[in-house]
Amino acid sequence: MNLSEIVQVEVDDLTEEFSHCFTGECRVNVLPLLYQISKIITESEDLAKTLTLILSVMQHQLKIHRGVVTLYDRESQTIFIHESFGLTEDQKARGLYAPGEGITGQVVESGKPIIVPHLCEDSRFLDRTKAHSDGNGNASFFCVPIIHCRKVLGTISAERGYRNRRLLKQDVEVLSTIASMIAPAVELYLLENVDKVRLENENRRLQSELKERFKPSNIIGNSKPMQAVYDLIQKVATTKTTVLILGESGVGKELVANAMHYNSGNADGPFVKFNCAALPENIVESELFGHEKGSFTGAVGMRKGRFELADGGTIFLDEVGELSLPMQAKLLRVIQERTFERVGGNKPVKVDLRIIAATNRNLLDMVAKGTFREDLYYRLNVFPITIPPLRDRGSDVVLLADHFVARSAAAAGKDVKRISTPALNMLMAYHWPGNVRELENVIERSVILSDDGVIHGYNLPPSLQTSEETGTNFGCSMEAKVEAVEYEMIVEALKTHNGNTTEAAKELGLTRRVLGLRIEKYGIDYRIYRRSYIAKQAAKQKA
């Protein structure tokens, strides 16, 4: 027998194996489809396209009425339905298993196929998808593993009625062959997609946790120093502990007091503010504790003071370090006993409130000098919170500036949308002795001066335009101002054209050589804007 005859015999035997069954169904017509699947995998390793063809073969050629492809995520130890037919979306979503759980889980755990002639009679069947809730579970079921390099990556399972065991065996062999063919593509898919999805889910989870972290809605800033402040606010807000807020002028002490009140159990009660430095000493007592009718000239009726008005809520005493020693003694009694008497009265008034005090003074130094009572200091300093100055909150400067731009633009009726890069650099470099209040005033002034919807460096006050802040040798002369404008225009043009000096020169009406000389003069690195563009494009491609 020659070679051609031997090959013919083997083909005849294979045909016999795949076609000889009493049902008349033939598996020979599956062979071209297997070749097609192999070709798709070889050419592109496109798992989605391959699975579409496989499910079509199962449904139409093998006459399977329910087919499922599951994938196994080793990191989360979860087996999930990736593609299927014969299942609704809800049923598909419920199909989650752990290794060893149910028939699918056992196939993943053992790496061996399982054949169940009568599904309803098998105790391993969990019906996790609820696809058999109607009681129709008398079909045969088989599940084969998808294995590559001895690692189980998922399964292919099928369900239909079989009257011939040999046909059932043939279908198991067909799907086992398909499973081994698609295994490399499945592994690649898991590496590129499931890991990516897991990381994206983890990223979303972490972002969700960050969002859930306490952050007062009235305070802007995500810097590390401010996160520490938020944690302290969260811890003390739910108590009635006396709080002392410390920090330089303009850091936002009143906003912190606001946040503590409106996140406390007394949030529905009044929030009363009083600036201890705003009034003469002879009026402060009446303002804080109230007065009775006729207690002094002009007291034509009884008047409640700030403490009484704050009953059931919070009183905020700003600039408490400015109180005189006699007033400090009276304040001490209120803090200790929550009781006081109105000016000209002798009837004690009891209040239930939280006291928050604030100062930009060094109270310990004042205690040492005898200008602030030591006992009052310790009564106030139960829970101190120090607000960091703006110079220590570098990452918050841009957030605050953008917020003030939007607010000032709306108030001024101007369409100012952004801050230029050189202007941002100047804002970031400045030391902000006046803190947030100074930044707000600077932005308000700059919005008024802006003529083109952008805040430029030359719109900022001269104090921000020194050589130290800008990194250039600009002074305050007319020539220096012209150089500041020129510098800004060059940077904006380079930024617009992604570091392309030829295009930037065209926009500025200069030759490339002249622009090169100006770039060298101001020490501008045009490559920064090119690298920034490349990084953005790479990020877009990854997304």
I'd like to check [X] versus [Y] (side-chain heavy atoms, cut-off strictly below 4.5 Å). Are they in contact?
X	Y	value
Arg437	Val251	no
Thr70	Tyr72	no
Trp432	Leu464	yes
Val436	Phe404	yes
Ile79	Asp73	no
Val116	Arg124	yes
Arg354	Val236	yes
Tyr97	Val108	no

Search all heavy atoms of [X] against all heavy atoms of [Y] and return the closest pair with its distance.
X	Y	value
Gly457	Ala423	N-CB, 3.7 Å
His65	Ala139	CE1-CB, 4.0 Å
Met260	Ile233	CG-CG2, 3.8 Å
Ile147	Gly111	CD1-O, 3.3 Å
Ile455	Val447	CD1-CG2, 3.9 Å
Arg393	Pro388	CD-O, 3.8 Å

Measuring from [X]:[atom1] to [Y]:[atom2], what's the distance to the nearest 0.5 Å?
X	Y	atom1	atom2	value
Glu109	Glu101	CD	CD	10.5 Å
Glu173	Ile178	CD	CD1	12.5 Å
Leu510	Leu515	CG	CG	6.0 Å
His148	Ser180	NE2	OG	11.0 Å
Asn263	Ser217	CG	OG	7.0 Å
Leu71	Ile146	CG	CD1	6.5 Å

Which salt bridge (charged side-chain N to carboxylate O under 4.0 Å, His left out) pairs, counting each pair once, include a residue from residues 251-260, with sequence neighbours left out?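 Listed by first then second residue: Glu254-Lys273.
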Residue pairs fulfilling salt bridge (charged side-chain N to carboxylate O under 4.0 Å, His left out) with at least one residue in residues 403-417, sequence neighbours excluded: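 Counting only pairs at least two positions apart or across chains, the salt bridge (charged side-chain N to carboxylate O under 4.0 Å, His left out) contacts touching residues 403-417 are Arg407-Glu440, Asp415-Lys417.
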Do side-chain atoms of [X] reach the backbone of [Y] as a donor and acceptor pair under 3.5 angstrom?
X	Y	result
Gln77	Arg74	yes
His261	Gly269	yes
Arg94	Thr129	yes
Asp127	Ala131	yes

If we count only N and O atoms by modelled type, under 3.5 Å, do the side chains of [X] and [Y] hold a donor and an acceptor together?
X	Y	value
Thr241	Thr239	yes
Arg512	Thr501	yes
Asn266	Thr314	no
Tyr262	Asn218	no

Set of residues satisfying side chain to side chain contact (heavy atoms under 4.5 Å, CB included) with respect to Ser84, sequence neighbours excluded: Val68, Ile81, Leu87, Lys92
Can you list the residues that meet the side chain to side chain contact (heavy atoms under 4.5 Å, CB included) rule with Pro113, with sequence neighbours excluded?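 Expected list: Val144, Pro145.
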For Met181, I'd like to know if atom CE has over 12 heavy atoms of other residues, nucleotides or ligands within 6.0 Å.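 Atom CE in Met181 is crowded, with more than 12 foreign heavy atoms closer than 6.0 Å.
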With sequence neighbours left out, write down each residue that passes salt bridge (Lys or Arg N to Asp or Glu O under 4.0 Å) with Glu507, or none if nothing qualifies.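 Checked Glu507 against salt bridge (Lys or Arg N to Asp or Glu O under 4.0 Å); zero matches.
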Does His82 have any ring pair (Phe, Tyr, Trp, His ring centres under 6.0 Å) partners at least two apart in sequence or in another chain, and if so, which?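 With neighbours one apart ignored, the set is Tyr189.
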Side chain to side chain contact (heavy atoms under 4.5 Å, CB included) evaluation trace for Leu168 with Ile115: CA-CA 9 Å; Leu168 172 58; Ile115 303 172; 3.6 Å; yes
For Phe142 and Tyr162, take the angle between the two ring planes, folded into 0 to 90°, and tell me which bin it lands in: parallel under 30, tilted 30 to 60, perpendicular over 60. tilted
Ring-plane angle category for Tyr522 and Tyr487, please: parallel below 30°, perpendicular beyond 60°, tilted otherwise.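 Geometry flag for Tyr487 against Tyr522: perpendicular rings.
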Given side chain to side chain contact (heavy atoms under 4.5 Å, CB included), test Met226 with Asp396 step by step and report yes or no. CA-CA 9 Å; Met226 288 307 296; Asp396 291 339; 3.5 Å; yes
Please step through side-chain hydrogen bond (donor to acceptor under 3.5 Å, both in side chains) for the pair Asn459 and Ser450, ending with a clear verdict. CA-CA 6 Å; Asn459 296 135; Ser450 174; 4.6 Å; no
Per the side chain to side chain contact (heavy atoms under 4.5 Å, CB included) rule, which among Leu400, Leu427, Asp402 passes with Ile443? Leu427
Pair Gln59, Ile64 - check side chain to side chain contact (heavy atoms under 4.5 Å, CB included), show working. CA-CA 5 Å; Gln59 190 169 13; Ile64 289 166; over 6 Å; no
Go through the steps to decide whether Val454 and Ile419 satisfy the test side chain to side chain contact (heavy atoms under 4.5 Å, CB included), and finish with yes or no. CA-CA 6 Å; Val454 179; Ile419 306 171; over 6 Å; no
Take Arg418 and Glu492, measure what salt bridge (Lys or Arg N to Asp or Glu O under 4.0 Å) needs, and give me the verdict at the end. CA-CA 12 Å; Arg418 68 184 183 91; Glu492 286 294 297; 2.9 Å; yes
